[in-house]
Amino acid sequence: MLVELNPEQLSAVRHDDGPLLIVAGAGTGKTATLVHRVAHLIERGADPRRILLLTFTRRAAAEMLRRVEALLAARGHASGGACRRVWGGTFHAVAARLLRIHACDIGMQPDFTIMDRGDSEDLMHVVRTRLGLGRGSTRFPQKSTCLDVYSRCVNAGLPLDEVLRTVFPWCLPAAEGLGRLFAGYTDAKEEQQVLDYDDLLLFWRGLLADPAAGGRVRERFDHVLVDEYQDTNAVQAEIVSLLRPDGRGVTCVGDDAQAIYGFRAATVRNILDFEQRFPGAEVVTLTRNYRSTAPILAATNALISEAVERRDKELWTARADGGRPVLAACRDEDEQTQWLCERILAHREQGVELKQQAVLFRAQHHSMALELELSRRNLPFRKYGGLRFVETAHVKDLVGFLRLAENPRDAMAGLRVLGLLPGIGPRTAAALLDALSAAAGDFVAAWRGARVPEAARTAWPGVVELFATLAAGRRDVPAQIHAVRSVYGPLLERRYDDAQARLRDLEQIEGLASRARTRAEFLAELVLDPPAYTQELAGPPLLDEDYLVLSTMHSAKGLEFRVVYVIHAADGNIPSDMATGSDVEIEEERRLLYVACTRARDHLYVSHPQRYYSQPWNKADTHGYAQRSRFLTAAVAAHFEQVSAGPEPEADDAEPLDRVTTAAIRAGVRSLWETPAPA
């Protein structure tokens, strides 16, 4: 099972039970090492039920455990489906699972529901309005900004004034109001028995901090393995420490050079200071790269070597092929777009599928001109980012029915569902929810005889009957969703013009629900593991199965492509002018460019326009000049083939003309004011 590993990987896999940090450079086989580590633990006798594998996506955990099962089978180990007994999943998913089990230990009801980002913003707005924080003579932050500030405080473990001073300085005048808002938001969640993303981690940490309950949780696990440790925030790192206070059984894998999620309060300090948190820890560094060519590695090594603080490593490869990466100077964005399309088509003609080519950029709007040109040239593409499937209005409506049935105290779900009915506004909806609360969540007792506006009377009996059915919980999850669709469908058709496309989305959700055992499990999966990309609405399939990948640099992390194009590598874009307020932010921007460049296997192109127009869409001439990214220093650029994207000037073969001198020009102008001499 271990013969395919290199010496560094083998050392990590065979490590004993002491705390271990695996510093895995880009493309060095991080996943393979972690998979072999889990398999080795099981093979040497570890109980799979006492292994906890924490990742940042559910798919990553599932794929790792599938590979562990395959390794054990190939070895002839009679695992008996051991990997299905391993606790594998994201931090938030594992937190939700443990809190369902131990909710009563910390005074919670186990039927709590989990709010997604949109629901959290809405609840924040309700409290903001109730406190009258937007009515003053000065501007108060909107709900999305308020939630960002709250989340940064919670995940970074920093007081409000420090977060405002360092991250949200424009919100400093609202500090007193934000403090009251966050207190009211916290009380509202407690009253409704709902949790947001941040609560899942906070309550898990609180559970572990409890002397009795924490001991019971710790007793569940002998080994805790963490993937992408550089992406953890302060709370997540503390959870790992509380799970294994002495460090025994802890294995963390990550790369400080790929720590790029500071905007989510992740901190590179967790991986840089690992030995301080776990004294006596062993550090194994993986440096053999299995992805990129030697010239690409030379360029990316030079790029990250200029970081102020890092774990020192030099990636190398046995690949001897490949030319130098290209650094292209473009006159403006239009020239960059044309040059880019020519390279994409040229590689396609050379046998590189569009799906093996990716265009990466710092911000979503950086690809707008390219998207227009790709459409004009009939080049299909898929853009990663944008509106998530579970954040579309009709999907949130359907989920609202299920959430309210699961937790009748969930006021945000109740206001959303009741607001779908014609004639029912916020005041009537609030009265109906008060009646439901007084009836202890009994929908029939609270609503069957309720007086509703005339416009809602036709639909109201069906709604009451639906919630009576959902509350009984006797049907499986797909059947419950089908029942919701039968009531919600007519409401949707009256509400949206593109109803048929939205109805097809709901059919898709019903199919997805077949994998869930309970309604609570299905709701948690939708919130904790949403799709990474979708079109906004369901529609006909792509006519061309091949498509170019467009992605932000953040979304591309963990992926690889044969050809990578990094565009807009100009100061102000990378680093973003919004992320240059401190040395810490600038260093993260350097790592972000490094992550983008290390996605390339065979070819890497980096381009930077030299001129940006202030009004690009109306072709006005007002413009400014941009410098090449400060991260592409002379030492780094020396590893690139530097080219100009514009056409080469044509040779001038014309006959030489008579020279025009400055003296002749001035003599011609002089005639405008000099009086000619008399004859």
Side-chain angles (χ1 to χ4, degrees), residues 20-31 33-34 52-64 88-95 117 148 151-152 154-158 167 197-198 200-202 204-205 224-241 243 250-274 277-278 283 285-286 304 307 309-311 313 360 362 384-385 528-530 532 551-560 579 584-585 587-596 598-599:
L20 170 66
L21 174 65
I22 304 172
V23 180
T28 57
K30 164 187 70 72
T31 302
T33 305
L34 194 55
L52 174 61
L53 175 62
L54 293 168
T55 66
F56 279 86
T57 68
R58 187 177 65 170
R59 184 177 180 183
E63 175 62 16
M64 285 186 196
T90 66
F91 275 89
H92 293 87
V94 171
R117 167 81 192 199
D148 287 339
S151 186
R152 176 60 69 102
V154 168
N155 287 297
L158 297 174
V167 187
Y197 280 1
D198 302 325
L200 291 170
L201 299 182
L202 285 178
W204 187 8
R205 183 181 65 180
V224 177
L225 300 97
V226 184
D227 189 23
E228 305 286 9
Y229 188 66
Q230 78 281 346
D231 295 337
T232 55
N233 59 37
V235 179
Q236 290 165 324
E238 192 173 348
I239 286 171
V240 176
S241 297
L243 281 168
V250 170
T251 298
C252 294
V253 184
D255 181 13
D256 56 291
Q258 298 184 69
I260 60 173
Y261 293 119
F263 65 94
R264 297 180 185 166
T267 172
V268 70
R269 300 306 327 168
N270 288 340
I271 193 167
L272 292 176
D273 301 337
F274 186 84
R277 187 179 290 272
F278 297 106
V283 179
T285 305
L286 309 184
I304 200 62
E309 186 178 11
R310 69 189 186 101
R311 288 188 176 271
K313 59 183 177 297
L360 307 183
R362 174 63 178 86
Y384 285 71
L528 299 175
D529 191 34
S551 174
T552 62
M553 296 176 180
H554 285 100
S555 296
K557 184 172 175 290
L559 305 177
E560 63 177 64
V584 171
E585 289 178 299
E587 285 303 301
E588 180 161 317
E589 293 286 295
R590 186 196 309 276
R591 296 193 294 268
L592 184 57
L593 180 58
Y594 172 79
V595 165
T598 53
R599 302 308 95 197

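It should be emphasised that the depicted structure is a prediction, and the values quoted were computed from it without experimental measurement. This chain uses plain numbering: 1 for the first residue, then up along the sequence.
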>> Would you call the rings of Tyr197 and His92 parallel, tilted or perpendicular, taking 30° and 60° as the class edges?
In response: tilted
> Which pair of heavy atoms, one from Ala556 and one from Ser551, lies closest together, and at what distance?
Replying inline: N-OG, 3.5 Å
> Taking all non-hydrogen atoms of both residues, which atom of Thr267 and which atom of Ala234 are closest, and how far apart?
Replying inline: CG2-N, 4.4 Å
>> Give me the atom names and distance for the closest heavy-atom approach of Trp204 to Phe91.
In response: CZ3-O, 3.5 Å
> In Å and rounded to the nearest 0.5 Å, what is the OG1 to CG distance from Thr90 to Asp227?
Replying inline: 12.0 Å
> How many angstroms lie between atom OG1 of Thr232 and atom CD1 of Ile239, to the nearest 0.5 angstrom?
Replying inline: 10.0 Å
> Could you state the interatomic distance from CG (Leu20) to OG1 (Thr251), rounded to the nearest 0.5 Å?
Replying inline: 4.5 Å
>> Taking Ile260's backbone N and O only, do any of them form a donor-acceptor pair with His554's side chain (distance below 3.5 Å, no angle check)?
In response: yes
>> Quick check for you: to the nearest 0.5 Å, what is the distance between Gln258 atom CD and Lys557 atom NZ?
In response: 5.5 Å
> Can Glu238 and Gln236 be counted as having a side-chain donor-acceptor contact under 3.5 angstrom?
Replying inline: no
>> If the condition is side chain to side chain contact (heavy atoms under 4.5 Å, CB included), which residues does Asn155 pass it with, not counting sequence neighbours?
In response: Ser151, Asp198, Leu201, Asn233, Ala265
>> Is there a side-chain contact (heavy atoms from CB on, under 4.5 Å) between Leu243 and Val250? Walk through the geometry before answering.
In response: CA-CA 9 Å; Leu243 281 168; Val250 170; over 6 Å; no
> How many angstroms lie between atom CD1 of Ile304 and atom CG of Asp255, to the nearest 0.5 angstrom?
Replying inline: 8.0 Å
> Residues in side chain to side chain contact (heavy atoms under 4.5 Å, CB included) with Thr33, at least two apart?
Replying inline: Gln9, Ala12, Val13, Ile22, Leu286
> Checking side chain to side chain contact (heavy atoms under 4.5 Å, CB included) against Leu52, which of Val240, Val226, Val94, Leu225 comes through?
Replying inline: Val94
>> To the closest 0.5 Å, what do you measure between CG (Asp256) and CZ (Arg591)?
In response: 7.5 Å
> Does a salt bridge link Glu587 with Arg310, judged by any charged N lying under 4.0 Å from a carboxylate O?
Replying inline: no
>> Between Val595 and Arg599, is the side-chain contact (heavy atoms from CB on, under 4.5 Å) condition met? List the steps.
In response: CA-CA 7 Å; Val595 165; Arg599 302 308 95 197; 4.0 Å; yes
>> Tell me the closest heavy-atom pair linking Ala257 and Lys313, and the distance in Å.
In response: CB-NZ, 4.1 Å
> Of all heavy-atom pairs between Ala596 and Met553, which one has the smallest distance, and what is that distance?
Replying inline: CB-CG, 3.8 Å
> Among all residues two or more places apart in sequence or in another chain, which pass the ring pair (Phe, Tyr, Trp, His ring centres under 6.0 Å) test with Phe274?
Replying inline: Tyr229, Phe278
>> Which heavy atom of Gly88 sits nearest to which heavy atom of Ala61, and what is that distance?
In response: C-CB, 4.0 Å
>> Does either side chain, that of Thr285 or that of Arg311, offer a donor lying less than 3.5 Å from an acceptor on the other one?
In response: no
